Amino acid sequence: MLNIIFMGPPGAGKGTQATRIVDEFKIPHISTGDMFRENISKGTPLGLQAKAIIESGRLVPDEVTCAMVKDRLAKDDCANGYLLDGFPRTLPQAEELEKIGKELGRPVTVVVDLAVPDEVLVSRIAGRRVCPNCGASYHIDTMKPKVEGVCDRCGGKLIQRKDDNAESFKERLKNYYESTAPIAEYYKAKGNYSAVNGNANAELIFENIKTVLKGIK
Ligand code: AMP
């Protein structure tokens, strides 16, 4: 069963690769960042709570995030696999996910960690454009859409994320090294962890991820 966690620093290419993987393996893409952004744009109570936190690059509290993920993983479309993108981001979230997975009978089966040097991340984030409708990512120089400003996948209008600025990025990277990177050790100890070089072209990275996933299926 492909119950996947996608790890990696902001700008590692998680969103880009996640889109390819869910299209190929027909599993739902569960991006906690996308879920928060959707709540923000709809003005829900959760969105109101999360907006300032997200725009400054800080992490939403674990309880709030875990409750949202639990509801999502319980949905019928996760019965045959799922891809978690951007969750877990802290050790308590990883521990809670373990419980949720057991409770739902949907435990994580594979962890893919995309490794990219910091200096590459900075330029990827600065030029990133995203589709708020389907979550696809582009880059103004290295991964242009066919028609400028328009999503290839769904026709949505591309935007720049509010937290893709130098100051929020610094905060996100700091959070990543302090809170998220240590989770790799947690999964390495469980033996279902694979690091993939994310500093290559998107095609090659996708091929390498597929090789890891095919070992699981
Ligand atoms: P992302 O789209 O994954 O880069 O997430 C954007 C922002 O949403 C993050 O910088 C956090 O503020 C928030 N966020 C997303 N996932 C989580 C999580 N697992 N825990 C806490 N905050 C999160």
Side-chain angles (χ1 to χ4, degrees), residues 4-19 21-22 28-42 44 46-73 82-101 108 111-114 116 118 120-122 124-139 151 156 158-184 186-187 198:
I4 310 168
I5 292 177
F6 238 37
M7 286 186 64
K14 296 188 295 292
T16 300
Q17 294 299 331
T19 304
I21 286 164
V22 300
H29 177 191
I30 304 176
S31 156
T32 42
D34 284 351
M35 291 166 85
F36 285 131
R37 283 184 287 276
E38 202 182 321
N39 276 279
I40 291 171
S41 71
K42 287 186 177 154
T44 68
L46 174 62
L48 294 176
Q49 188 183 0
K51 190 173 191 295
I53 299 177
I54 290 180
E55 286 176 4
S56 66
R58 285 174 290 135
L59 291 176
V60 178
D62 289 339
E63 304 75 44
V64 176
T65 310
C66 290
M68 183 177 79
V69 169
K70 187 174 181 182
D71 280 354
R72 183 65 188 86
L73 286 181
Y82 56 79
L83 187 154
L84 277 172
D85 163 5
F87 182 92
R89 257 183 164 92
T90 65
L91 201 53
Q93 289 183 10
E95 287 163 352
E96 185 60 25
L97 177 60
E98 175 115 14
K99 282 193 212 148
I100 295 170
V108 171
V111 180
V112 175
D113 193 359
L114 284 177
V116 177
D118 288 358
V120 177
L121 300 175
V122 176
R124 284 196 187 170
I125 290 285
R128 172 156 75 178
R129 298 293 181 271
V130 297
C131 174
N133 184 40
C134 77
S137 295
Y138 300 86
H139 189 280
C151 179
L158 303 183
I159 57 154
Q160 182 165 31
R161 276 170 47 170
K162 280 210 170 128
D163 57 349
D164 278 351
N165 62 72
E167 206 179 314
S168 300
F169 175 69
K170 222 171 120 192
E171 177 71 16
R172 285 155 64 202
L173 198 59
K174 179 173 145 276
N175 285 332
Y176 173 76
Y177 284 115
E178 281 177 11
S179 306
T180 309
I183 300 178
Y186 175 86
Y187 288 115

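For clarity, every value in this text was computed on a predicted model and none was experimentally measured. Whatever order the structure lists ligands and atoms in, that order sets their numbers, starting from 1.
- Remark: Lys70 engages Glu103 in a side chain to side chain donor-acceptor pair (under 3.5 Å) (not counting sequence neighbours).
- By the 4.5 Å heavy-atom criterion applied to side chains, Cys151 and Leu158 are counted as neighbours.
- Annotation: ligand 1 has protein neighbours Thr32, Gly33, Phe36, Arg37, Ile54, Arg58, Leu59, Val60, Thr65, Gly86, Phe87, Arg89, Gln93, Arg161, Asp163, Arg172, each with a heavy atom less than 4.0 angstrom from the ligand.
- Residues Ile40 and Leu48 fail the side-chain proximity criterion, which asks for heavy atoms closer than 4.5 Å.
- Asp118 and Tyr176 share no donor-acceptor pair across their side chains, judged by distance under 3.5 Å alone.
- Side-chain contact check for Asn165 and Ser168: at least one donor-acceptor pair (N or O, by modelled atom type) lies under 3.5 Å.
- Here the side chains of Val60 and Phe36 are in contact, with some heavy-atom distance below 4.5 Å.
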